[in-house]
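Here is how names work: the chains are called A, B, and so on, in the same order as the sequence lines, proteins then strands, and each is numbered from 1.
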2 protein chains.
Amino acid sequence: MITEQSLINRINDAFPFLHHADPIFVRYFFLRAQRVTLDAGQQICSQGAECGSLALLLDGRARVYKLGENGREITLYRLGVGESCILTASCILSHVPFPAYAVSETDVEAIVVSVADVKRWMGESEAWREYLFGLISGRFADVISMVEEVAFRRVDRRIAALLLKRSTESGDGIAVTHQEIASDLGSSREVVSRILKDFETTGHIKVGRGYVRLLDIPWLQAKSGEGGLV
Amino acid sequence: MITEQSLINRINDAFPFLHHADPIFVRYFFLRAQRVTLDAGQQICSQGAECGSLALLLDGRARVYKLGENGREITLYRLGVGESCILTASCILSHVPFPAYAVSETDVEAIVVSVADVKRWMGESEAWREYLFGLISGRFADVISMVEEVAFRRVDRRIAALLLKRSTESGDGIAVTHQEIASDLGSSREVVSRILKDFETTGHIKVGRGYVRLLDIPWLQAKSGEGGLV
DNA sequence: ATGGCTGTGTGACTATGTCACATACACCCC
DNA sequence: GGGGTGTATGTGACATAGTCACACAGCCAT
């Protein structure tokens, strides 16, 4: 149950669908929801687990990933503020176990609602339905894009794209290890190291322990295929 | 509009959710739905297209696949009787373009409902909601498994699994070309040919033009990882 | 029998992943 | 400052998968 006004304001800001939801739903939402916090690095869900509740992220970031039989990992998607772990919703609504792992990458603050409420509100609130369905559709499309990338796209191009994406948040100096890149892309650390070294040898980036500095954004854009000219 | 009793019976058989749906929804369903047929090999949806209606399969089979920039293909999933193209539903409900291609592998008979009805019934019928959500969840899990396979699983094991799966429908004689296997798995024809030749050289299958005969099911099960002993 | 079309086999080469080390770097403690 | 530890990175050898370019085989129609 959430009663504190400043928290209610933050939630309203983070989840705009509440603005146009019917007031009865909104009242029950705040009545039934609970606030939780997680430290960075905490395992949120494990593959095969049952889903007991649905979390809506208020602050922080979580990563959902698959773990391969060879020990390598691939990130399916990341959750930020205003988002919900749609695999959990899917799991709740269809009674299948959670098919991946989820971990908090930063300290996380979330709003948690129970299985029963998730289901009830699906029938009662169009705003809630559209919110969840919008998230599912987005994630479904993301995962399908990932199949395409993994099956058909060269790793060097995927690394270039990842570096560019990271640079939008942190500028051209990126704190990242080769293993992190490998774990995001489902590749191996050695392959990532070699490709980064190649990028460095040709002068397009500079690498150091745990960081990468981008020196040639246009080249990386072309490399990733985003510039439109390959 | 569907009025013919034998067709109504077939639809009720194919879509059991109608049995426990409320009668008002069922009445409107048959009022609004339309029957369509497609010849084998027809393109149903193309990547980037808008989705105008949702099809529920009454007979036949359809394949949904991604086409890579290198011209290779990978099958995301197949639809059979009683199923709906959940990418279309997703596309309808979130206004994003269709993210793959869909083709009828056999002659197809389907029930088609419009965008507006899909959306309206989502709010009105719990049975409809659960039907669609059950399909979405299943497909979501399928696609996530595919990410894992493509990223982490060796092609030979995937071929063994595909052969076993095909054999459940057609016995140990499978009519399939190497290119079809490659297109299902997102691999190349040459790689498939080599692996099949290896399987043949060691006596586990026999290959001919357009067919594969399985000679050693236990070995293939072990190879695919399904037998539990690798 | 001949021709056309399509499926398959194969060699050479490139890209990516695995394994096994070796080396480097950052940090902490004495 | 020196030493130790833990972890990140570099690298060589080799295996697996994909690309390119042909050559060959099989099937069907004329």
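Considering only side-chain atoms of Lys197(B), the nucleotide from dA17(D), dT8(C), dG9(C) that sits closest is dG9(C).
Considering only side-chain N and O atoms, Ser187(A) lies under 4.0 angstrom from the phosphate OP1 or OP2 of dG17(C). OP1 or OP2 of dT9(D) lies within a sub-4.0 Å distance of a side-chain N or O belonging to His178(A).
The distance from atom CZ of Arg154(B) to atom P of dT18(C) is 10 Å, rounded to the nearest whole Å. Atoms CD1 (Ile195(A)) and C1' (dT14(C)) sit 13 Å apart, rounded to a whole Å. Spacing between atom CG of Asp198(B) and atom C1' of dA17(D) amounts to 12 Å, rounded to whole angstrom units. Look at CZ on Arg189(B): it is 13 Å from P on dG11(C), rounded to the nearest Å. Taking atom CD1 of residue Ile74(A) and atom P of nucleotide dT16(C), one finds them 14 Å apart after rounding to whole Å. Between Phe199(B) atom CZ and dT16(D) atom P the separation is 12 Å, expressed in whole Å. Between Arg209(A) atom CZ and dT23(C) atom P the separation is 16 Å, expressed in whole Å. Across the protein-nucleic acid pair, Ile174(B) atom CD1 and dG7(C) atom P stand 18 Å apart, rounded to whole Å.
A salt bridge links Glu83(B) with Arg139(B): at least one charged nitrogen is closer than 4.0 Å to a carboxylate oxygen.
Considering OG1 of Thr75(B) and CZ of Arg63(B), their distance stands at 3.5 Å, rounded to 0.5 Å.
Relative ring orientation between Trp219(B) and Phe199(B) is described as perpendicular, the plane-to-plane angle rising above 60° on a 0-90° scale split at 30° and 60°.
Contact annotation: side chain of Arg194(A) to base of dG12(D), donor-acceptor pair present below 3.5 Å.
In summary, of the residues considered (Tyr77(A), Phe140(A), Phe98(A)), a ring pair (Phe, Tyr, Trp, His ring centres under 6.0 Å) with Phe140(B) occurs for Phe140(A) alone.
Of the residues near DNA chain D, Glu190(A) and Asn70(B), the one whose nearest nucleotide (by heavy atom distance) lies more toward the 5' end is Glu190(A).
Using a 4.0 Å heavy-atom criterion, one finds that Ser193(B) contacts the sugar-phosphate atoms exclusively. Residue Val191(A) is classed as a base contact, given a heavy-atom separation below 4.0 Å to a base.
Donor-acceptor pairing under 3.5 Å is lacking for the side chains of Ser145(A) and Glu149(A).
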